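Order of listing sets the numbers, starting from 1, for every ligand and every atom in it. The model shown is predicted, which means the values in this text are computed figures rather than measured ones.
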Amino acid sequence: MPELPEVETVARDLQRWVTGATILDAAVHWARTIRHPQPPERFAAEIADVTIRRVTRRAKTVLLHLADGRVMTVALRMTGALIVAAPGTPDDPYARVVFRLADGRELRYRDVRKFGRIGLWPGGGLRSVGAGRGARSKRVAEGGGRYRIGEVFSGHGPEPLQRGFTAQRLAERLGRRSAKLKTLLLDQSFIAGVGNIYADEALWRARLHPLRAADGLDDGDVRRLHRTVRQVLREGIANRGASFSDYVDGAGEPGANAERLSVYRRTDQPCYRCGTRIERIVVGQRSTHFCPRCQPGPVGSDPR
Ligand SMILES: [Zn+2]
């Protein structure tokens with residue numbers, strides 16, 4: 001599943017390639033891909049004849065900012081991809097929505113498993129992002145309605161690569177929570193964009209066991225975690241994302257970060273720091289990989 005570095009890579013590709021492009025029309029081949037507005041015919045009518053002004057990312061979602069102020073959101077979820085296709089590129093049977101551009105290219109939303117969602121929202125309110133908590137976002141997810149783009153993301157936590165995300169801010173947030181570190185890093189209302197790969201990588205680098213309680217960390221632990229979360233995300237972006245199955249960039253090419261990971265999916269292989277075999281446990285139904293020697297378990301508990 002694409003996480004922050006993968007989605008950021010797609011957004012940067014599109015920023016370079018489709019900024020200034022005009023969408024002539026959209027063909028919706030899978031109605032459920034369209035989250036808002038409903039029905040999909042209305043989405044297609046509203047997206048026709050608009051120009052893309054810039055492309056950014058919030059959490060794990062690509063944001064296409066349109067010249068008229070509205071914002072199109074593309075949540076890739078499990079297998080979604082946004083690919084710019086040159087004129088004459090053969091049709092893709094997994095393209096769920098195809099945006100025809102005025103210059104002859106197509107922006108294709110490809111999604112084998114069809115979990116991804118596309119929305120079109122009025123602009124405004126993005127400054128308040130990260131300030132709210134889950135309730136409002138849940139209503140949006142269920143009902144759609146007349147929400148502005150900022151409210152779509154009101155349930156999301158801070159962006160870990162933003163300047164305002166300091167070790168101090170992380171310490172304040174962790175200190176109020178007794179949840180396990182792995183669970184908390186995956187919680188999008190706690191911190192936006194981190195998923196299974198980068199949570200395991202950050203914890204290994206910080207030498208923190210995934211089952212440690214958030215409020216049990218000392219100042220040094222928090223500073224290390226703050227540094228390693230940002231490191232693994234930045235390196236993921238530099239390597240254009242990690243491709244294990246479906247993730248591809250805006251050109252349809254896989255990223256190079258999967259083979260550079262230290263612990264994720266390295267079960268039974270030697271730890272790069274100490275040679276101990278990497279172990280795999282399940283935390284909150286998610287595979288979790290760690291070194292039992294470098295990442296000692298919570299005091300007084302079985303680390304497995
Ligand atoms: Zn180790």
Side-chain angles (χ1 to χ4, degrees), residues 1-6 8-9 160-161 165-171 173-175 177-188 190-245 247 254-304:
M1 176 166 179
E3 303 179 27
L4 187 154
E6 290 75 35
E8 179 74 20
T9 300
L161 293 182
F165 185 73
T166 59
Q168 174 66 28
R169 187 158 179 212
L170 178 61
R173 294 175 73 79
L174 286 168
R177 305 289 290 268
S178 58
K180 301 173 180 69
L181 287 176
K182 176 69 185 273
T183 306
L184 213 45
L185 289 177
L186 295 184
D187 178 350
Q188 296 300 296
F190 181 77
I191 178 172
V194 177
N196 217 27
I197 298 174
Y198 297 95
D200 283 7
E201 292 294 307
L203 290 171
W204 180 82
R205 277 200 203 183
R207 300 173 186 251
L208 293 169
H209 193 285
L211 297 181
R212 290 270 303 270
D215 56 7
L217 268 52
D218 65 26
D219 289 350
D221 293 334
V222 174
R223 277 198 299 274
R224 278 200 319 284
L225 182 61
H226 175 259
R227 189 171 63 240
T228 63
V229 164
R230 289 158 62 103
Q231 270 177 357
V232 298
L233 295 172
R234 285 211 184 93
E235 289 173 17
I237 294 169
N239 293 323
R240 302 188 54 77
S243 296
F244 283 98
S245 52
Y247 161 71
N257 203 45
E259 49 269 45
R260 288 176 169 84
L261 300 178
S262 299
V263 69
Y264 181 77
R265 290 206 187 173
R266 293 195 64 246
T267 310
D268 288 335
Q269 296 178 53
C271 171
Y272 288 135
R273 258 192 316 242
C274 74
T276 304
R277 275 154 55 128
I278 299 298
E279 290 189 11
R280 174 185 176 275
I281 54 174
V282 175
V283 181
Q285 298 177 318
R286 306 299 298 276
S287 282
T288 298
H289 312 79
F290 69 101
C291 171
R293 184 161 174 199
C294 293
Q295 297 166 265
V299 178
S301 76
D302 182 343
R304 269 151 291 203

N/O donor-acceptor pair under 3.5 Å between Gln295 side chain and Leu208 backbone: yes
Validation: residues 213-227 side-chain donor-acceptor distances under 3.5 Å, sequence neighbours left out:
from   : atom 1 : to     : atom 2 : distance (Å)
Asp218 : OD1    : Gly220 : N      : 3.0
Asp218 : OD1    : Asp221 : N      : 2.8
Asp221 : OD1    : Arg224 : NH2    : 3.0
Asp221 : OD2    : Arg212 : NH2    : 3.1
Asp221 : OD2    : Asp218 : N      : 3.1
Arg224 : NE     : Ala206 : O      : 2.8
Arg224 : NH2    : Ala206 : O      : 3.0
His226 : NE2    : Phe165 : O      : 2.7
His226 : NE2    : Ala167 : N      : 3.3

Set of side-chain hydrogen bond (donor to acceptor under 3.5 Å, both in side chains) partners for Tyr247, sequence neighbours left out: none
Worked verdict on Arg207 versus Arg273 for side-chain contact (heavy atoms from CB on, under 4.5 Å): CA-CA 10 Å; Arg207 300 173 186 251; Arg273 258 192 316 242; 3.1 Å; yes
Under-2.8 Å protein N/O/S neighbours of the Zn ion (ligand 1), ordered by chain then residue number: Cys271 SG, Cys274 SG, Cys291 SG, Cys294 SG
Listed partners of Gln168 passing side chain to side chain contact (heavy atoms under 4.5 Å, CB included), at least two apart: Thr166, Glu172
Heavy-atom pair with the smallest gap, counting every atom of Thr276 and Pro292: CG2-CG, 3.8 Å
